[in-house]
*Asks:* 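The following block contains the structure, expressed as structure tokens.
Basis for what follows: all heavy atoms, side chains included, without hydrogens, waters or symmetry-related copies.
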Amino acid sequence: MTLRLHSTLTGQAEPVQPDADGVIGIYACGPTVYSRIHIGNARPFVVFSVLKRYLERRGHRARLVINVTDVNDKIYDAARAEGIPSTDLAERCTRQYIDDTDLLGLGRPDAEPLVTGCMDDIIALIADLVERDLAYAAGGDVYFRVRAFPGYGRLSRRDPDDMVDTDPGDLKEDPLDFALWKGVKEGEDVSWESPWGPGRPGWHIECSAMAERELGMGFSVHGGGIDLVFPHHENEIAQSEGAHDAPFARIWMHNEMLELSDSKMSKSIGNIALLADVVQRWGADVVIAYFMQSHYRSRLPFSDERLQDAEAACRRIRNAARALDKALMDPGDSVDAALAAAVVQARTRFVDSMDDDFGTPGAMAAIFELVRAINQSLERGRPAEGQLQEVRLELSALLDMLGLARLMDAGADDAVPDEVLDLVRRREQARADRDFAGADALRDAILAQGYELRDGPDGPEVIPTP
RNA sequence: GGCGACCUGGCGAAGUGGGAACGCAUCGGUCUGCAAAACCGACAUGAACCGGUUCGACUCCGGUGGUCGCCUCCA
């Protein structure tokens with residue numbers, strides 16, 4: 001079985017097929033850089049990064065492109081409010097976006113084109129559309145002639161005749177038409193030369209141009225947040241397919257929104273939590289696990305409680321990894337058949353879930369079932385070293401497919417500071433003296449230093465609290 | 001007003017026309033000086049509500065109620 005993804009275009013699960021060059025091309029719409037990104041913006045970044053990861057781990061070649069919109073009205077507005085050039089603001093926010101997403105440790109996309117770096121492609125595409133009468137110049141602007149593109153509305157299942165309250169504009173032939181090029185206006189501090197005069201691209205044309213440039217027409221997966229279906233992706237289809245009479249993207253994959261107290265998290269509502277703050281507080285693994293425990297097409301509540309759950313889930317996995325490492329220091333010589341079976345079953349369930357529309361919750365469940373099997377086995381005895389290695393490798397491989405392999409780094413107690421080790425020694429002495437009140441106080445002192453103590457048959461274990 | 005989605009245990013969250021995963025939380029037990037971790041056990045005779053189809057529905061169809069999203073910048 002191969003990976004199938006629900007496509008917004010067909011409403012059904014469609015098999016993911018490589019492009020003509022054997023590579024699975026994935027384009028996801030990235031942020032507009034006028035402020036730091038919030039945890040909701042991070043969802044598509046995580047989803048599409050893990051999608052690429054999963055495909056690669058399954059032996060496919062994949063190319064992920066996530067653009068950066070660095071020319072936009074909001075950028076002009078924000079820069080004006082700060083009293084700095086809009087290009088400075090865009091550059092700063094682009095750097096912050098890179099820094100913030102780097103905190104997740106999921107790697108970078110293969111390409112992250114900037115709108116400002118694709119101006120020639122954009123102008124050429126607009127010129128094509130004008131040439132084909134799918135677009136027209138008016139004043140210093142250029143508009144797409146929506147009624148001239150017959151498939152308009154297919155992606156969002158919308159009839160152009162049903163659309164109301166559309167901005168009539170002064171220069172449009174039809175209120176439905178949307179801007180491909182906007183002539184420079186008073187107060188805008190950057191513009192580019194074009195056959196229609198100085199100006200800048202409209203919001204939608206950039207993605208058509210960048211996707212075509214990076215992946216060609218007819219690539220595998222185009223995605224982003226579900227709020228982009230209309231008008232952004234609808235317009236991209238109109239632009240690209242209008243210009244080339246060829247299919248643009250085969251599968252349209254959209255992630256649902258995060259919600260905060262029953263409404264979506266949105267910069268315009270103001271109920272946001274910055275990605276950097278969330279990662280700073282909880283750690284990258286917890287944030288990734290938080291996303292992976294829910295399906296990308298489900299709305300996901302964002303709250304401390306949800307993050308706490310994810311943290312507890314990470315702790316459980318880390319504990320099992322630590323138990324494996326401990327067992328490996330003193331392995332047995334038998335093979336645990338039940339454990340061996342659990343390993344096979346976990347892989348099967350994991351892959352089945354993932355291949356069925358990127359079912360990361362089922363994949364996480366498969367990992368937890370393996371974790372339980374590991375704990376049960378170690379409760380029964382000590383499997384042989386070879387089997388322990390094999391189990392460790394498999395757990396690590398499954399976690400890695402979700403970007404969670406760091407949970408295997410259980411944090412050996414070799415880096416424990418001397419003062420903590422000293423506290424441990426004093427506590428052992430207190431216990432030997434049956435001074436349990438003193439021992440408990442010392443344990444609290446150790447915890448305050450960031451280390452958890454677990455007494456076992458082989459003496460106390462010192463474990464860093466993440 | 002138009003279009004669409006969703007409604008599963010305390011909180012989250014999957015899958016499925018015929019045994020309701022998984023995580024967290026809670027309760028009891030094992031282990032421990034006590035904890036922690038781990039293990040064992042308990043925890044929705046029922047899936048918003050009402051009808052229908054079916055031998056059989058949480059799963060399909062229809063209706064009611066509720067929640068949310070898009071239609072304008074938005075991941």
*Asks:* Would A:Arg431 and A:Asp455 pass as an ion pair if we require N to O under 4.0 Å?
*Replies:* yes

*Asks:* Which comes earlier along RNA chain B counting from the 5' end, the contact point of A:Asp455 or that of A:Tyr296, where each point is its nearest nucleotide?
*Replies:*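 Closest to the 5' end, via its nearest nucleotide, is A:Tyr296.
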
*Asks:* Would you kindly compare A:Arg454 and A:His204 by the position of their nearest RNA chain B nucleotide and give the one closer to the 5′ end?
*Replies:*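 Between the two, 5'-proximity favours A:Arg454.
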
*Asks:* Tell me the interatomic distance from A:Phe436, atom CZ, to B:A35, atom C1', rounded to whole angstroms.
*Replies:*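 Checked: the CZ to C1' distance equals 12 Å.
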
*Asks:* Do the charged groups of A:Glu461 and A:Lys326 touch, with an N to O distance under 4.0 Å?
*Replies:* yes

*Asks:* Reading nucleotides 15-22 of chain B 5' to 3', which nucleotides get B (base under 4.0 Å from a protein heavy atom), which S (sugar-phosphate only), which -?
*Replies:* ------BS

*Asks:* How far, in whole Å, is B:U8 from B:C22 if one measures between their C1' atoms?
*Replies:* 14 Å

*Asks:* Which whole-number value in Å describes the distance from A:Leu274 CG to B:A75 C1'?
*Replies:* 15 Å

*Asks:* Would you indicate what A:Asn375 reaches in the nucleic acid, counting non-hydrogen atoms under 4.0 angstrom: base, sugar-phosphate, or nothing?
*Replies:*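 Since only primed, P, OP1 and OP2 atoms lie under 4.0 Å of A:Asn375, the category is sugar-phosphate.
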
*Asks:* Is it true that A:Arg392 and A:Asp325 have a side-chain N and a carboxylate O under 4.0 angstrom from each other?
*Replies:*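 Salt bridge: yes.
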
*Asks:* Say we look at B:C6 and B:U45: how far apart would their P atoms be, to the nearest angstrom?
*Replies:*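 Here B:C6 and B:U45 have their P atoms 25 Å from each other.
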
*Asks:* Between A:His254 and A:His233, does the ring centre distance come in under 6.0 Å?
*Replies:*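 Under 6.0 Å, so yes.
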
*Asks:* Using a cut-off of 4.0 Å on non-hydrogen atoms, how would the nucleic acid contact of A:Asp440 be classed: base, sugar-phosphate, or nothing?
*Replies:*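 Base, at least one base heavy atom under 4.0 Å.
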
*Asks:* Students often get this wrong, so: under 4.0 angstrom with heavy atoms, is A:Arg154 touching a base, only sugar-phosphate, or nothing?
*Replies:*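 If one applies the 4.0 Å heavy-atom cut-off, A:Arg154 turns out to touch nothing in the nucleic acid.
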
*Asks:* Would you mind reading off the distance between A:Arg306 atom CZ and B:A13 atom P, rounded to a whole angstrom?
*Replies:*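 Those two atoms, CZ and P, are 7 Å apart.
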
*Asks:* Evaluate the side-chain proximity of A:Phe149 to A:Arg145: yes if any heavy-atom separation is below 4.5 Å, no if none is.
*Replies:*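 A:Arg145 vs A:Phe149: side chains apart.
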
*Asks:* Tell me which pairs pass salt bridge (Lys or Arg N to Asp or Glu O under 4.0 Å) where either residue lies in residues 366-379 of chain A, with sequence neighbours left out.
*Replies:* A:Arg349-A:Glu369

*Asks:* Less than 4.0 Å between a side-chain N and a carboxylate O, is that true for A:Glu214 and A:Arg63?
*Replies:*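 Result for this pair is yes, salt bridge flagged.
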
*Asks:* Of the candidate nucleotides B:C24, B:C71, B:C11, which contains the atom at the shortest distance from the side chain of A:Arg158?
*Replies:* B:C71

*Asks:* Contact between A:Ile251 and A:Ser220 at the side-chain level, heavy atoms closer than 4.5 Å - yes or no?
*Replies:*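 A:Ile251 vs A:Ser220: side chains apart.
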
*Asks:* How is A:Ser298 classified with respect to the nucleic acid when contacts are heavy atoms under 4.0 Å: base, sugar-phosphate, or nothing?
*Replies:*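 Since only primed, P, OP1 and OP2 atoms lie under 4.0 Å of A:Ser298, the category is sugar-phosphate.
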
*Asks:* Quick one: A:Leu300 CG to B:A13 P, roughly how many Å, whole number?
*Replies:*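 Whole-Å distance recorded here is 7 Å.
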
*Asks:* Does the ring centre of A:Phe291 sit less than 6.0 Å away from the ring centre of A:Tyr296?
*Replies:*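 Centroid separation for A:Tyr296 and A:Phe291: 6.0 Å or greater.
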
*Asks:* In whole Å, measure the gap between the P atoms of B:C68 and B:G63 for me.
*Replies:*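 One P to the other, the span is 22 Å.
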
*Asks:* To the nearest Å, how far apart are A:Glu259 CD and B:A13 C1'?
*Replies:* 13 Å

*Asks:* Rounding to an integer number of Å, can you tell me how far A:Leu155 CG sits from B:G4 P?
*Replies:* 14 Å

*Asks:* Any N or O donor-acceptor pair under 3.5 Å from the base of B:G23 to the side chain of A:Asp309?
*Replies:*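 When only heavy-atom distances are counted, A:Asp309 does reach the base of B:G23 through a donor-acceptor pair under 3.5 Å.
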
*Asks:* With heavy-atom distances below 4.5 Å as the criterion, would you say the side chains of A:Leu395 and A:Ile367 are in contact?
*Replies:*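 Side chain of A:Leu395 against side chain of A:Ile367, heavy atoms only: contact under 4.5 Å found.
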
*Asks:* A:Glu379 has an atom CD; how far is it from atom C1' of B:U30, in whole Å?
*Replies:*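 Distance, rounded to whole Å: 9 Å.
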
*Asks:* Go ahead and write out RNA chain B as dot-bracket, 5' to 3': ( ) for pairs within the strand, [ ] for ones crossing earlier pairs, | when the partner sits on another strand, dots for unpaired; Watson-Crick or G-U wobble, both distances under 3.5 Å.
*Replies:* (((((((..(((.....[...))).(((((.......))))).....(((((..]....))))))))))))....

*Asks:* Side-chain donor or acceptor of A:Arg443 under 3.5 Å from a matching atom on the base of B:A35?
*Replies:*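 Yes, a donor-acceptor pair under 3.5 Å.
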
*Asks:* Just checking A:Arg157: base, sugar-phosphate only, or nothing, at a heavy-atom cut-off of under 4.0 Å?
*Replies:*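 Contact class for A:Arg157: sugar-phosphate only.
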
*Asks:* Do A:Arg299 and B:G12 share a donor-acceptor pair, side chain to base, under 3.5 Å?
*Replies:*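 Checked by distance alone, the answer is no.
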
*Asks:* It should be established whether A:Gln308 places a side-chain nitrogen or oxygen under 4.0 Å from OP1 or OP2 of nucleotide B:A25.
*Replies:* no

*Asks:* Tell me what A:Leu453 touches on the nucleic acid: a base, only sugar-phosphate, or nothing, going by heavy atoms under 4.0 Å.
*Replies:* base

*Asks:* How far, in whole Å, is B:C60 from B:A21 if one measures between their C1' atoms?
*Replies:* 23 Å

*Asks:* Send over the distance from A:Glu452 CD to B:C34 C1', rounded to a whole Å.
*Replies:* 15 Å

*Asks:* Using the C1' atom as the point on both nucleotides, what is the distance between B:G10 and B:A25, in whole Å?
*Replies:*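 After rounding to an integer number of Å, I get 7 Å for this pair.
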
*Asks:* Where do A:Arg4 and A:Asp356 land on the salt bridge (Lys or Arg N to Asp or Glu O under 4.0 Å) test, with the steps shown first?
*Replies:* CA-CA 6 Å; A:Arg4 298 169 71 87; A:Asp356 181 9; over 6 Å; no

*Asks:* Please report the distance separating the C1' of B:G66 from the corresponding atom of B:C50, rounded so that it comes out in whole Å.
*Replies:* 15 Å

*Asks:* In whole Å, what separates the P atom of B:C7 from that of B:C27?
*Replies:* 31 Å

*Asks:* Taking atom P in both B:A14 and B:G51, what distance in whole Å separates the two?
*Replies:*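 The answer is 29 Å between these two P atoms.
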
*Asks:* Can you say whether a donor on the side chain of A:Asn72 sits under 3.5 Å from an acceptor on the base of B:C73, or the other way round?
*Replies:* no

*Asks:* Is there a side-chain contact between A:Ser156 and the phosphate of B:G4, meaning an N or O under 4.0 Å from OP1 or OP2?
*Replies:*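 Indeed not, no polar side-chain atom of A:Ser156 lies that close.
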
*Asks:* Measuring from the side chain of A:Arg431 (C-beta onward, heavy atoms only), which nucleotide among B:A13, B:A75, B:C34 has the closest atom?
*Replies:* B:C34

*Asks:* Tell me, yes or no, whether the heavy-atom count around A:Gln280 atom CD, taken from other residues, nucleotides or ligands under 6.0 Å, exceeds 12.
*Replies:* no

